[in-house]
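Remember, it's a predicted structure, so these values are computed and weren't measured experimentally.
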Amino acid sequence: RLQLLFTALPLTWGRAFLIQRDMSFTHILPEAFSGWIEKQHVKRSIRFIQQHHTYSPAYRHFTGSNHLALQKGMQNFHKNVNGWQDIGQHFTIFPDGTILTGRSLDIAPACIYGANSGAICIENLGNFDAGEDEMADRQRSAIITVTAALCRRFGVPADTEHIVYHHWFDLCTGKRTNGSGMTKTCPGTAFFGGNTVEAAQSVFLPEVQALLSPPVVEPVIEEAPEPE
């Protein structure tokens with residue numbers, strides 16, 4: 001029986017994260033992710049960030065405390081059914097906003113045929129096709145936070161040439177078609193307004209770009225004192 005046991009540990013940058021005792025996956029709070037990823041030494045060159053939904057498991061499978069069991073289930077399926085060396089994704093973002101690490105960042109993902117080289121794969125737990133799971137606010141915020149942190153850490157531009165959806169690639173050829181041909185709906189037809197390039201440009205990416213832009217500081221204008 002899988003034991004779910006986590007220990008809260010303070011981080012040096014003043015945040016807290018949850019870590020599984022057997023260290024096979026790291027369980028991170030979204031507000032700690034930026035500090036955590038900055039400390040990771042990655043040998044690969046990272047040029048792309050992939051967005052996916054898990055489809056199954058979906059929200060109905062998430063109890064609020066079974067993050068590890070669901071992640072282990074995906075890992076077992078990927079290894080024992082698909083024949084992959086490990087879980088396909090680098091990160092899974094759960095409905096409560098927390099993140100579990102997956103395969104090593106030094107290994108390319110097994111997530112988009114023809115487009116895995118130089119990529120980091122994010123699997124967002126849920127089925128975000130229209131009429132299915134309605135994305136929770138905490139997950140939505142975490143997806144934006146994690147994507148922006150990865151862009152900052154690896155110098156990935158926040159545009160549709162570098163942040164990509166599975167739907168944009170043909171399943172048979174691996175070529176980018178922007179949704180035509182034989183494709184999945186992933187990351188979902190209702191993912192941040194839709195799974196199209198246009199939806200990414202108008203809804204998702206502006207929110208990522210907002211986190212990457214320095215805050216605008218309004219100049220303070222002091223009024224001269226009136227003469228006596």
Quiz item: Below 6.0 angstrom between ring centroids: does that apply to Tyr165 and Phe191?
Solution: yes
Practice problem: Say whether Asn124 and Gln139, considering side chains only, have a donor N or O and an acceptor N or O under 3.5 Å apart. | Solution: no
Quiz item: Taking the side chain from Thr54 and the backbone from Glu123, do they hold a donor-acceptor pair closer than 3.5 Å?
Solution: no
Quiz prompt | Expected output: side-chain Arg153 to main-chain Gln40 donor-acceptor under 3.5 Å | solution = yes
Self-check item: Pairwise side-chain contact, His162 with Val164, heavy-atom cut-off 4.5 Å (strictly under)
Solution: no
Self-check item: Ring-ring centroid check Phe62 His67, cutoff 6.0 Å
Solution: yes
Practice problem: Taking atom types as modelled, find out whether Thr92 and Gln71 have a side-chain donor-acceptor pair closer than 3.5 angstrom. | Solution: yes
Self-check item: Flag side-chain contact, heavy atom, 4.5 Å: Phe154 against Ile37
Solution: yes
Quiz item: Heavy atoms, side chains only, cut-off 4.5 Å: are Pro95 and Leu125 in contact?
Solution: yes
Quiz item: Are Thr177 and Phe169 side-chain neighbours, meaning at least one heavy-atom pair lies under 4.5 Å?
Solution: no
Self-check item: Within the 6.0 Å centroid threshold, strictly below: Phe33 and Phe91
Solution: yes
Quiz item: Which distance, rounded to the nearest 0.5 Å, do you find between the CG of Asp133 and the CG of Asn127?
Solution: 5.5 Å
Quiz item: To the nearest 0.5 Å, how far apart are CD1 in Ile107 and CH2 in Trp84?
Solution: 13.5 Å
Quiz item: Are side-chain N/O atoms of Thr185 and Asp129 paired as donor and acceptor at under 3.5 Å?
Solution: yes
Practice problem: With rounding to the nearest 0.5 Å, note down the distance linking CZ in Arg140 to CD in Glu207. | Solution: 4.5 Å
Quiz item: How would you list, by chain and number, every residue that makes a side chain to side chain contact (heavy atoms under 4.5 Å, CB included) with Thr160, sequence neighbours excluded?
Solution: Trp168, Arg176, Val197, Ala200, Gln201, Leu205
Quiz item: Of all heavy-atom pairs between Leu212 and Ala158, which one has the smallest distance, and what is that distance?
Solution: CD1-CB, 3.9 Å
Quiz item: Going by heavy atoms in the side chains, are His41 and Leu105 under 4.5 Å from each other?
Solution: no
Quiz prompt | Any side-chain donor near an acceptor of the partner, Asp159 and Gln209, under 3.5 Å | solution = no
Self-check item: Rounded distance [0.5 Å steps], CG in Leu171 versus OG1 in Thr183
Solution: 6.5 Å
Practice problem: May I ask you to check whether over 12 heavy atoms, not counting those of Asn80, lie within 6.0 Å of atom CG? | Solution: yes
Practice problem: Test salt bridge (Lys or Arg N to Asp or Glu O under 4.0 Å) on Arg152 and Glu38 and set out the steps. | Solution: CA-CA 9 Å; Arg152 186 180 300 110; Glu38 289 295 331; 5.5 Å; no
Quiz item: Is there side-chain contact between Phe204 and Thr147, with heavy atoms separated by less than 4.5 Å?
Solution: yes
Quiz item: Judged by atom type as modelled, is there a donor-acceptor pair below 3.5 Å linking the side chain of His52 to the main-chain atoms of Pro187?
Solution: no
Exercise. Determine whether Pro109 and Gln50 make a side-chain contact, defined as any pair of heavy atoms from C-beta on separated by less than 4.5 Å.
Key: yes
